[in-house]
Amino acid sequence: MALTQSKVTDCKLLIGGKWVASESKEFVNVTNPSLGEVIARTPMCGRAEVNQAVEAAHHAFAEWSETPVVERARLMFRFKNLLDANYEDIARTVSREHGKTFAEAKASVQRGIEVVEFACGIPSLMMGESLENIARNVDCETQRHPLGVCAGITPFNFPAMVPLWMYPLALTCGNTFILKPSEKVPLASIQIAELLIEAGVPKGVFNIVHGGKEAVDALLEHPLVKAVSFVGSTPIAKYIYEKGTANGKRVQSAGGAKNHIIIMPDADMNQTRQALQASAFGCAGERCMAGSLAIPVGEAGDILMPQLAESTKAMKVGRTDIDGTPDMGPVITADHMNRVKSLIDKGAKEGAELLVDGRDVKVSDAPNGYFVGPTIFDHAKPQMSIVQEEIFGPVLSVVRVKTIEDAIQLGKDCPYGNGAVIFTNSGRAAREFKRHFNAGMIGINVGVPASMAWFPFTGWNASFFGDLHIQGREGVLFYTQQKMIMTRWFSGPAKDKFHDPVWKTKS
Ligand code: NAD
């Protein structure tokens, strides 16, 4: 089921069960970031094409929402088997279009498959509640109903996983769906859609459109789109939330992040160093849960930093589109590489100590790839741009503080609130941290505390706009609306009969 990857293809739209070429004349190049070579082109759809997808999804909703929930679950079981069978092929596409190492790509596909596994349990997840006799002869129940057409708009950094956060649950809840993947990485979404078709998804239940702002605006403005799930940068997340809700839609909108890793002097330093390095530089730092800001407390910095600098300098940066085992691949585009490098320049100018400098990294068999080596700034100060901004590259800033209270205060001053981690052996420090740190996903001796499928992805502050988060039960609540049904059967002969001692004796 792997795409033909030898020539540049123009990505097609999936509308009403058919792959169709876009009529757009505008395209964005999809590149293999390891080589800087164009491998496909993404059409930038206009409103008319998006509207066709919405109409197809709306048309399919009538039948799909009446399909018994167990049949919807069975579609997911078949989909899950096909994902398992094609797991490595999908991961290869992710490595090729995004630049993740093969190990990282496989792990990300696995996280996506886990959402499908969760969605297989939809008959239980969608159950309502009931209570008898809430008043005399009155019973009450709640049911969960699908919303209609839902849309998902996704970022470049997890081409397979983030779309899978959304549509398996949306579909099994009885909705139809339109995915607008990132124009930078559409290939994994297309490959996975082929599997969903093979699993038997009815025509129009799942659709794909491509593009940027114009396509997204068309989704946000279309009256038949009932709910929008978004994952991407904070300014766009806020825009999607505001515009979507102003147009009467449900919106869950996850944004950017700056994730703090606090290291107490009593932490297991070797384990901490490994976890911190993986958190900061895994996926070339292009993760919304990347630990991009380390905060050693007291003497922790003096113990940790020399070892961390040494092991970081030993990391192997390389191409990820061929077999091999680099520790880190490229970043997504030439523009992004230049942005990351210019933020490193800025950090150095602002006076942070550049302990490991990744700006001049060279990959001999891929001279045109978009590589930035792992970079560490020590003795950064809270007001510096490398501490304030989401760099979204392999750059770790280190702010040393005296007490855990100072570390917690840094979190309070941060506008984001996705994840935060403490490394310690002290129960008291861990408890203080988990109660008071200003972020929605907390790790204790865990480098990347990203929620798995069964739990919601609970970003706070400027890392999330909306009420119900993506994944877990909150995902089910987001994609369904409740109906409360109150029933009264008047007391009459039948009731009298059951309570009539003479009738009881006779029967
Ligand atoms: P992005 O915001 O540039 O793009 C995300 C999506 O929005 C894409 O599909 C894109 O086509 C669309 N888009 C871009 N500009 C738009 C506009 N003006 N109007 C409407 N739509 C627009 O994000 P990105 O660079 O693809 O992804 C990286 C960002 O995503 C980082 O900030 C990262 O932290 C964030 N992210 C967050 C989470 C989370 O769960 N909080 C997860 C993954 C990534």
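Computed from heavy atoms alone, side chains included, the values below leave out hydrogens, waters and symmetry copies. In what follows, residues are counted from 1 in the order of the sequence shown. Just so you know, ligand 1 is whichever comes first in the structure, and atom 1 is the first atom listed for that ligand.
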Point to revise | Side chains of T172 and Y479, donor plus acceptor under 3.5 Å | key: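 No donor-acceptor contact under 3.5 Å links the two side chains.
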
Review point. N51 and E55: side-chain donor and acceptor closer than 3.5 Å?
Key: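 Result is no, nothing qualifies.
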
Cationic N near anionic O, under 4.0 Å, [X] to [Y]:
X: D10; Y: R41; result: yes
X: K341; Y: D345; result: no
X: K243; Y: E221; result: yes
X: D217; Y: R47; result: no

Considering [options] one by one, which has a heavy atom nearer to [atom] than any of the others?
atom: atom 22 (C) of ligand 1; options: I240, L219, V28, I236; answer: I236
atom: atom 23 (O) of ligand 1; options: S292, S233, G419; answer: S233
atom: atom 37 (C) of ligand 1; options: G255, S451, G440, A450; answer: G255

Please work out, at 4.0 Å between heavy atoms, whether the side chain, the backbone, both, or neither of [X] comes within that distance of ligand 1.
X: E183; result: side chain
X: F158; result: neither
X: F230; result: side chain

Tell me: protein heavy atom nearest [atom], and distance?
atom: atom 28 (C) of ligand 1; result: F392 CE2, 3.5 Å
atom: atom 21 (N) of ligand 1; result: V216 CG2, 3.5 Å
atom: atom 26 (O) of ligand 1; result: F156 N, 3.0 Å
atom: atom 40 (O) of ligand 1; result: F457 CE2, 3.2 Å
atom: atom 27 (O) of ligand 1; result: P155 CB, 3.2 Å
atom: atom 35 (C) of ligand 1; result: G232 O, 3.0 Å
atom: atom 39 (C) of ligand 1; result: C288 SG, 3.3 Å

Would [X] count as a polar contact of ligand 1, with the cut-off being nitrogen or oxygen pairs under 3.5 Å?
X: E390; value: yes
X: N157; value: no
X: V162; value: no
X: T154; value: yes

Point to revise | Protein non-hydrogen atom found under 4.0 Å from atom 4 (O) of ligand 1 | key: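 Under 4.0 Å from atom 4 (O) of ligand 1, zero protein heavy atoms found.
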
Exercise for review: May I ask whether G211 has any heavy atom positioned less than 4.0 angstrom from an atom of ligand 1?
Suggested key: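 For ligand 1, residue contact (heavy atoms, under 4.0 Å) with G211 is present.
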
Review point. Taking the non-hydrogen atoms of G459, is any one of them nearer than 4.0 angstrom to ligand 1?
Key: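 Per 4.0 Å heavy-atom rule, G459 does not contact ligand 1.
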
Check ligand 1 against [X] and write out every atom of the ligand that is under 4.0 Å from a heavy-atom position of the residue.
X: A254; value: 39 (C), 40 (O), 41 (N)
X: I153; value: 6 (C), 7 (O), 9 (O)
X: N418; value: 41 (N)
X: K180; value: 8 (C), 9 (O), 10 (C), 11 (O)
X: W165; value: 40 (O)

Please round to the nearest 0.5 Å and tell me the distance separating atom [atom1] of [X] and atom [atom2] of [Y].
X: N438; Y: I408; atom1: CG; atom2: CD1; result: 10.5 Å
X: M44; Y: K213; atom1: CE; atom2: NZ; result: 11.5 Å
X: I262; Y: T272; atom1: CD1; atom2: OG1; result: 12.0 Å

Check your understanding: With sequence neighbours left out, what residues match E23 under salt bridge (charged side-chain N to carboxylate O under 4.0 Å, His left out)?
Key ->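 Counting only residues at least two positions away or on another chain, E23 forms no salt bridge (charged side-chain N to carboxylate O under 4.0 Å, His left out).
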
Exercise for review: State whether the number of non-hydrogen atoms from other residues, nucleotides or ligands found under 6.0 Å of F455 atom CZ is greater than 12.
Suggested key: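 No, not enclosed.
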
Practice item. Give me the ring orientation class for Y167 and F206: parallel if the planes are under 30° apart, tilted from 30 to 60°, perpendicular past 60°. Key: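 Plane angle between 30° and 60°, so tilted.
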
Practice item. Check whether any side-chain heavy atom of F478 sits under 4.5 Å from a side-chain heavy atom of H469, and report yes or no. Key: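 F478 does not reach H469 side chain to side chain.
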
Check your understanding: F156 versus E97: any side-chain heavy-atom pair under 4.5 Å?
Key ->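 Answer no - side chains too far apart.
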
Check your understanding: Excluding sequence neighbours, so at least two apart, what forms ring pair (Phe, Tyr, Trp, His ring centres under 6.0 Å) with F79?
Key ->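 Scan of F79 (ring pair (Phe, Tyr, Trp, His ring centres under 6.0 Å), adjacent residues dropped) gives none.
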
